[in-house]
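Following: one structure in structure tokens, then a few remarks.
Values below: every heavy atom of this structure, side chains too, minus hydrogens, waters and symmetry copies. Keep in mind that this is a model prediction, so the values were computed, not measured.
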Amino acid sequence: MEKTEMEVMKGVDLKRYMGRWYEIASFPSRFQPRNGANTRATYTLRDDRTVDVLNETWSDGKRAFIQGTALKADPDSDEAKLKVKFYVPPFLPIIPVVGDYWVLHLDDDYQYALIGQPSRSYLWILCRQTHLDDEIYNQLVEKAKEQGYDVSKLRRTTHTEPPPGGDECPEDTKGIWWIKSVFGK
């Protein structure tokens, strides 16, 4: 089956997009802990229009996280195509790893989003809450299918209520799986 070019959202207001997003489902990666839960991303807009990215997950009672930055792939384009750059954790030389972050769908209220990238190897369904209405979830899965994704690979992410804070549990300093899970490097 020939894959058509992906349709990407236009006119996304980066300021409104900032804040915390919970991973509702994603394509699993062999580098990501199988028992990872409470996975989330927090985005903060800087004055220079770059975005600070903090990705977190919890596995075996430990918080794993990786930080990076994102910016528009083409500052003159209206399309929501970002380039995300993560740095290998501090115990290794600082090596930037760059990947694509394309907003394929975003609701008018900026409450849920479908994120992909051109190889279609990675897909995320994100929400401002730790749960998403099944009807909306199924609509997003359908949109991903229309964009050429093999949605049978989607796996739901487990969340606990209330979600964990950021600082009260020990950290997993390995962190390298985040890079590999996001970019397949």
Side-chain angles (χ1 to χ4, degrees), residues 1-9 12 17 20-43 51 53-60 62-68 70 73 79-86 88 97-107 110-161 163-164 172 174-185:
M1 179 181 105
E2 192 177 311
K3 291 183 178 173
T4 56
E5 186 157 340
M6 268 190 262
E7 286 180 40
V8 179
M9 294 290 294
V12 171
Y17 194 79
R20 178 163 289 166
W21 291 89
Y22 294 94
E23 180 187 278
I24 300 300
S26 67
F27 281 2
S29 159
R30 61 196 168 104
F31 300 106
Q32 193 166 344
R34 283 169 201 250
N35 60 347
N38 296 305
T39 305
R40 65 194 188 194
T42 307
Y43 306 124
V51 176
V53 178
L54 171 64
N55 285 343
E56 301 171 283
T57 197
W58 276 258
S59 175
D60 300 323
K62 289 185 175 179
R63 172 181 173 254
F65 71 95
I66 191 164
Q67 291 170 289
E79 288 186 313
K81 292 181 177 178
L82 300 176
K83 285 281 182 198
V84 185
K85 184 188 290 184
F86 288 105
V88 173
V97 179
V98 180
D100 294 294
Y101 182 108
W102 290 9
V103 182
L104 305 179
H105 181 79
L106 178 64
D107 71 299
Y110 288 61
Q111 293 302 300
Y112 52 88
L114 182 68
I115 308 300
Q117 40 81 284
S119 75
R120 293 178 175 83
S121 302
Y122 296 93
L123 183 69
W124 295 269
I125 292 176
L126 304 178
C127 183
R128 296 292 190 178
Q129 311 296 321
T130 55
H131 55 87
L132 182 61
D133 179 77
D134 280 342
E135 191 181 332
I136 294 169
Y137 177 83
N138 292 333
Q139 287 170 8
L140 292 174
V141 170
E142 202 49 46
K143 285 181 187 302
K145 208 187 223 171
E146 288 164 12
Q147 297 268 29
Y149 279 90
D150 174 5
V151 295
S152 69
K153 293 194 277 188
L154 264 180
R155 294 291 172 270
R156 294 264 195 158
T157 306
T158 303
H159 288 277
T160 56
E161 293 296 340
D172 166 8
K174 294 189 185 72
I176 192 89
W177 60 267
W178 263 113
I179 293 169
K180 296 190 171 189
S181 72
V182 173
F183 302 122
K185 299 281 188 228

Worksheet item: Under 4.0 Å between a Lys/Arg side-chain N and an Asp/Glu carboxylate O for Arg156 and Asp134?
Response: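 Yes, Arg156 and Asp134 are salt-bridged.
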If every non-hydrogen atom of [X] is compared with every non-hydrogen atom of [Y], which pair is closest and at what distance?
X      : Y      : answer
Leu126 : Tyr43  : CD1-OH, 4.3 Å
Val151 : Val141 : CG1-O, 3.5 Å
Ser59  : Gly36  : CB-CA, 4.4 Å

So does [Y] get a backbone contact from the side chain of [X], meaning a donor-acceptor N/O pair under 3.5 Å?
X      : Y      : value
Thr57  : Ala37  : yes
Asp60  : Lys62  : no
Asp107 : Tyr112 : yes

Mind checking what makes side chain to side chain donor-acceptor pair (under 3.5 Å) contact with [X], not counting sequence neighbours?
X      : value
Asp150 : Ser152
Tyr137 : none
Gln111 : none

Discussion item. Using side chain to side chain contact (heavy atoms under 4.5 Å, CB included), reason through Lys143 and Leu104 one step at a time and then give a plain yes or no.
Written reply: CA-CA 8 Å; Lys143 285 181 187 302; Leu104 305 179; over 6 Å; no
Worksheet entry | Partners passing salt bridge (Lys or Arg N to Asp or Glu O under 4.0 Å) against Lys81 (at least two apart in sequence or in another chain) |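 Checked Lys81 against salt bridge (Lys or Arg N to Asp or Glu O under 4.0 Å); matches are Glu79.
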Discussion item. Going by salt bridge (Lys or Arg N to Asp or Glu O under 4.0 Å), name the residues that satisfy it together with Glu7, two or more places apart in sequence or in a different chain.
Written reply: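 With neighbours one apart ignored, the set is empty.
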Worksheet item: Should Lys83 and Asp100 be marked as a side chain to side chain contact (heavy atoms under 4.5 Å, CB included) after you check the CA-CA gap, both sets of side-chain angles, and the distance that decides it?
Response: CA-CA 5 Å; Lys83 285 281 182 198; Asp100 294 294; 2.7 Å; yes
Discussion item. I want to check a possible cation-pi pair here: Arg40 against Trp21, using under 6.0 Å from ring centre and within 45° of the ring axis as the test.
Written reply: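 Arg40 over Trp21 ring: no.
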Item to complete: Please identify each residue that fulfils ring-ring contact (aromatic ring centres under 6.0 Å, His included) with His159, with sequence neighbours left out.
Response: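 By the ring-ring contact (aromatic ring centres under 6.0 Å, His included) rule, His159 matches Tyr22.
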Item to complete: Given side chain to side chain contact (heavy atoms under 4.5 Å, CB included), test Leu154 with Ile125 step by step and report yes or no.
Response: CA-CA 9 Å; Leu154 264 180; Ile125 292 176; 4.0 Å; yes
Item to complete: Test Leu114 against Leu123 for side chain to side chain contact (heavy atoms under 4.5 Å, CB included), laying out the working first.
Response: CA-CA 7 Å; Leu114 182 68; Leu123 183 69; 3.8 Å; yes
